[in-house]
Number of protein chains: 2
Amino acid sequence: MAMRMNGPLAALDQWQPEGCSIAKALDVVGTKSAMLLLREAFYGTTRFDGFVRRVGITEAVAAKRLKELVEAGLLEKRPYQEPGARTRYEYVLTEKGRALLPVVVALMQWGDAYLQPGGGPLRIVSAETGEPVRVLVAPPGTASLEPEGLAVRINR
Amino acid sequence: MAMRMNGPLAALDQWQPEGCSIAKALDVVGTKSAMLLLREAFYGTTRFDGFVRRVGITEAVAAKRLKELVEAGLLEKRPYQEPGARTRYEYVLTEKGRALLPVVVALMQWGDAYLQPGGGPLRIVSAETGEPVRVLVAPPGTASLEPEGLAVRINR
DNA sequence: AGGCTGGGTTTGCTCGACGCAAGTCAGGAG
DNA sequence: CTCCTGACTTGCGTCGAGCAAACCCAGCCT
């Protein structure tokens, strides 16, 4: 049923998980708003208003969470210039943020499979072949797709 | 940088994500305690006290969260009998709960890579080959490993 | 009968997450 | 100079997450 625990780990009642990476990861992206902001970043949203409207959170929460994500190094805040407008800032994923792609896609995939009666509203496919992709646990040497190699389609 | 949005999705400022599977998934496993309880279930913990002590939460939180996870169908509460003791209950992962393995492992992997200065404390390997595994986004047809096919080792 | 033990539930509190509403500020447009 | 817009900030109230500690309860042991 569960994973095999080797060596000292086998004694579940003695060993205690310390410095667990999952716990540390959840300290950074453990809130619903943080995850949904990341979802939007993967979808290509970069501007403050876009995040607010599309995630459906208030400006206050968006400002706070975005600041935290920038401080944690998942997003980068950088100036951009639209012609005839003043300098504004946009939020773009860093390498560290992009590395969360499997987490986000795995969540969507699980929701699609177990929480959506007739399948989810969106489908993530390979940008090249158009075939749907899966998140999975694989032995080393298997190649992974990057965000750029993926496309999002409407289901049905 | 981001994923390619096809068709109507391309107009990020018009389209709004409704019924998003990620949001629904987070309604079920969006709290830190829920994720850590799942981690423990994958490690093989089944009893109430084990969850409490190893996750480091209070009994109150554990009771509440476990009940929610049972109601959501991720865990199954079933009686078991130790010789010379009365009937007790244990919590075991259902198929639906086991399907969250990629999410949990992906979080650990990300934490290992970006939040742990010298690498994480644990390593997940293939039970057969002993080689470390990765969570990744792959085209269809790639085989995935189940919890039983994995083993946990102490790093270094 | 009374106590012990594993497996919880209840109560009372704090703190963070989040929503609503209003205010602020910079700078280009008019 | 005033207005507007994008990007926040501030204040306030609510709700859920979490802790601590006490309580409950079934049943085996003596």
Side-chain angles (χ1 to χ4, degrees), chain A residues 12-13 20 22-41 45-72 75-92, chain B residues 12-14 16 20 22-41 45-72 75-92:
Chain A
L12 277 184
D13 37 347
C20 166
I22 300 176
K24 294 196 176 191
L26 291 173
D27 286 337
V28 179
V29 293
T31 81
K32 211 181 151 183
S33 52
M35 276 290 182
L36 295 179
L37 286 171
L38 285 173
R39 173 198 76 189
E40 278 315 309
T45 303
T46 58
R47 288 168 42 170
F48 185 83
D49 272 18
F51 284 112
V52 168
R53 199 173 37 75
R54 293 169 47 72
V55 173
I57 56 181
T58 63
E59 295 164 356
V61 173
K64 185 177 182 187
R65 212 59 359 118
L66 284 171
K67 190 185 288 183
E68 287 171 9
L69 290 175
V70 168
E71 279 165 8
L75 295 178
E76 189 187 353
K77 184 179 185 175
R78 59 180 177 209
Y80 72 103
Q81 189 89 24
E82 263 183 15
R86 79 170 194 273
T87 300
R88 301 210 175 280
Y89 292 90
E90 61 179 356
Y91 299 88
V92 293
Chain B
L12 278 184
D13 37 347
Q14 288 173 351
Q16 214 185 346
C20 166
I22 301 175
K24 294 194 176 192
L26 291 173
D27 285 337
V28 179
V29 293
T31 81
K32 213 182 150 183
S33 52
M35 277 289 181
L36 295 180
L37 286 171
L38 286 172
R39 173 198 74 188
E40 280 312 310
T45 302
T46 58
R47 289 169 39 171
F48 186 82
D49 273 19
F51 283 113
V52 168
R53 201 173 36 76
R54 294 168 48 72
V55 173
I57 56 181
T58 64
E59 296 163 356
V61 173
K64 187 176 180 185
R65 210 63 355 118
L66 284 171
K67 189 186 288 183
E68 288 171 9
L69 291 175
V70 168
E71 279 165 9
L75 294 178
E76 190 188 351
K77 182 179 185 174
R78 60 179 177 210
Y80 72 102
Q81 188 90 26
E82 263 182 16
R86 79 170 195 272
T87 301
R88 304 213 173 279
Y89 292 91
E90 62 180 354
Y91 300 88
V92 293

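Every chain is numbered from 1 and lettered A, B, ... according to where its sequence line falls, protein lines coming before strand lines.
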Peer 1: Would you say A/R88 places a side-chain N or O within less than 4.0 Å of OP1 or OP2 belonging to D/dC8?
Peer 2: no
Peer 1: Would you mind reading off the distance between A/I57 atom CD1 and C/dG16 atom P, rounded to a whole angstrom?
Peer 2: 19 Å
Peer 1: Quick check: closest heavy atoms across B/R54 and B/T45, and the distance to 0.1 Å?
Peer 2: NE-OG1, 3.3 Å
Peer 1: Hey, does the side chain of B/R47 come within less than 4.0 Å of C/dG7's phosphate (OP1/OP2), counting only N and O?
Peer 2: yes
Peer 1: Going by side-chain contact (heavy atoms from CB on, under 4.5 Å), B/Y91 matches just one of B/L37, B/L69, B/L66. Which one?
Peer 2: B/L66
Peer 1: Can you list, in residue-number order, the parts of residues 25-41 of chain B that come under 4.0 Å of DNA chain C, counting heavy atoms only?
Peer 2: none
Peer 1: Which whole-number value in Å describes the distance from A/L66 CG to D/dG6 P?
Peer 2: 17 Å
Peer 1: Under 4.0 Å between any heavy atoms, over every strand shown, what does A/G50 touch: base, sugar-phosphate, or nothing? Just pick one.
Peer 2: nothing
Peer 1: Whole Å only: how far is the CD atom of B/E90 from the C1' atom of C/dG8?
Peer 2: 16 Å
Peer 1: Classify every nucleotide of nucleotides 9-14 of chain C by which part a protein heavy atom approaches to under 4.0 Å, writing B for the base, S for the sugar-phosphate alone and - for neither, in 5'-to-3' order.
Peer 2: BB----
Peer 1: Report yes if a side-chain nitrogen or oxygen of B/Y91 is closer than 4.0 Å to either non-bridging phosphate oxygen (OP1 or OP2) of C/dG7; otherwise report no.
Peer 2: no
Peer 1: Grab the OH-P distance between A/Y89 and C/dC25 for me, whole Å please.
Peer 2: 17 Å
Peer 1: Please set out all donor-acceptor pairs under 3.5 angstrom arising from side-chain atoms of residues 58-65 of chain A, sequence neighbours excluded.
Peer 2:
unit_1: A/T58; atom_1: OG1; unit_2: A/V61; atom_2: N; d: 3.3
unit_1: A/R65; atom_1: NE; unit_2: A/E68; atom_2: OE1; d: 3.1
unit_1: A/R65; atom_1: NH1; unit_2: A/S33; atom_2: OG; d: 3.0

Peer 1: Is any side-chain heavy atom of B/K67 closer than 4.5 Å to one of B/E71?
Peer 2: yes
Peer 1: Considering residues at least two apart in sequence or located in another chain, which fulfil the side-chain contact (heavy atoms from CB on, under 4.5 Å) criterion with B/E90?
Peer 2: B/T46, B/R78, B/Y80, B/V92
Peer 1: Quickly work out the B/F51 CZ to C/dG6 P distance and round it to whole Å.
Peer 2: 18 Å
Peer 1: Given that B/G56 and A/D49 both sit by DNA chain D, which one's nearest nucleotide is further toward the 5' end?
Peer 2: A/D49
Peer 1: In whole angstroms, how far is the P atom of C/dG8 from the CD atom of B/E68?
Peer 2: 15 Å
Peer 1: Would you sort out whether B/I57 and B/L36 count as a side-chain contact (heavy atoms from CB on, under 4.5 Å), showing the intermediate values?
Peer 2: CA-CA 10 Å; B/I57 56 181; B/L36 295 180; 6.0 Å; no
Peer 1: Quick check: closest heavy atoms across B/K32 and A/A23, and the distance to 0.1 Å?
Peer 2: CE-O, 3.9 Å
Peer 1: Under the salt bridge (charged side-chain N to carboxylate O under 4.0 Å, His left out) test, which residues partner B/D49, sequence neighbours left out?
Peer 2: none
Peer 1: Among all residues two or more places apart in sequence or in another chain, which pass the salt bridge (charged side-chain N to carboxylate O under 4.0 Å, His left out) test with A/R53?
Peer 2: none
